Amino acid sequence: QVHLVESGGGLVQAGGSLRLSCTASGRTFSSYSMGWFRQAPGKEREFVAAINWRGGTTGYPDSVKDRFAISRDNAKNTVYLQMNSLKPEDTAVYYCAAAPAHYSSSYSDDYNYWGQGTQVTVSS
């Protein structure tokens, strides 16, 4: 079992930055790949970023590439999402998720555990 808790969301102006954190319980965090997803009102959940178990491989969709960066600290059981140059269209609830695999994945079905989400609102 992995319990995930996100933090760091909030209200920011367009062009600003936020860093989200997701802390996991359990002693097997380092064996999981981690991902960030987001869901805006009336829209489907979408992939934002993923990182493999060791942190050596990351992946992003074109919509956030070069603006967002995922990283992890296995000693702290924490994964981060640094978000720069934020746009109003980035407004959503952001969820972190854990997949019992060593490879990073953009597919939500690969993830077994999900956090409760943290709201990010970007004003224009």
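In this text, all values refer to a predicted model and were calculated from it rather than measured experimentally.
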Please check if the side chain of [X] supplies one atom and the backbone of [Y] the other of a donor-acceptor pair under 3.5 Å.
X     : Y      : value
Tyr60 : Ile70  : yes
Ser25 : His3   : yes
Ser33 : Ala101 : yes

Over 60° means perpendicular and under 30° means parallel, so tell me whether Trp114 and Tyr95 are parallel, tilted or perpendicular.
perpendicular

Assign the ring pair Tyr111 / Phe37 to parallel, tilted or perpendicular, where the plane angle (0 to 90°) is split at 30° and 60°.
perpendicular

Non-hydrogen atoms of [X] and [Y] that approach each other most closely:
X      : Y     : answer
Val120 : Gly9  : CG2-CA, 4.2 Å
Ala14  : Pro88 : CB-CD, 4.1 Å
Phe29  : Asn74 : CE2-OD1, 3.2 Å
Ser21  : Thr78 : CB-CG2, 4.3 Å
Arg67  : Ser85 : NH1-O, 2.9 Å
Ala92  : Ala40 : CB-N, 3.8 Å

Do the side chains of [X] and [Y] join up, straight or via other hydrophobic residues, at under 4.5 Å, putting them in one cluster?
X     : Y     : result
Trp53 : Phe47 : no
Val2  : Val79 : yes
Leu18 : Trp36 : yes
Val12 : Val93 : no

A side-chain contact here means heavy atoms from C-beta on lying under 4.5 Å apart; do [X] and [Y] qualify?
X      : Y      : value
Val64  : Arg38  : yes
Leu4   : Met34  : yes
Gln119 : Thr91  : yes
Asp110 : Tyr103 : yes

Does the salt bridge (charged side-chain N to carboxylate O under 4.0 Å, His left out) test come out yes or no for Asp62 and Lys65, once each step is laid out?
CA-CA 5 Å; Asp62 288 343; Lys65 191 176 293 185; 3.6 Å; yes

Look up atom [atom1] in [X] and atom [atom2] in [Y], then write down how far apart they are to the nearest 0.5 Å.
X      : Y     : atom1 : atom2 : value
Asn52  : Thr57 : CG    : OG1   : 4.0 Å
Arg72  : Cys22 : CZ    : SG    : 10.0 Å
Glu6   : Leu20 : CD    : CG    : 8.5 Å
Gln39  : Glu46 : CD    : CD    : 9.5 Å
Ser124 : Gln13 : OG    : CD    : 9.5 Å
Ser71  : Leu81 : OG    : CG    : 8.5 Å

Side chains of Asn84 and Ser17: do they bring a donor and an acceptor to under 3.5 Å?
yes

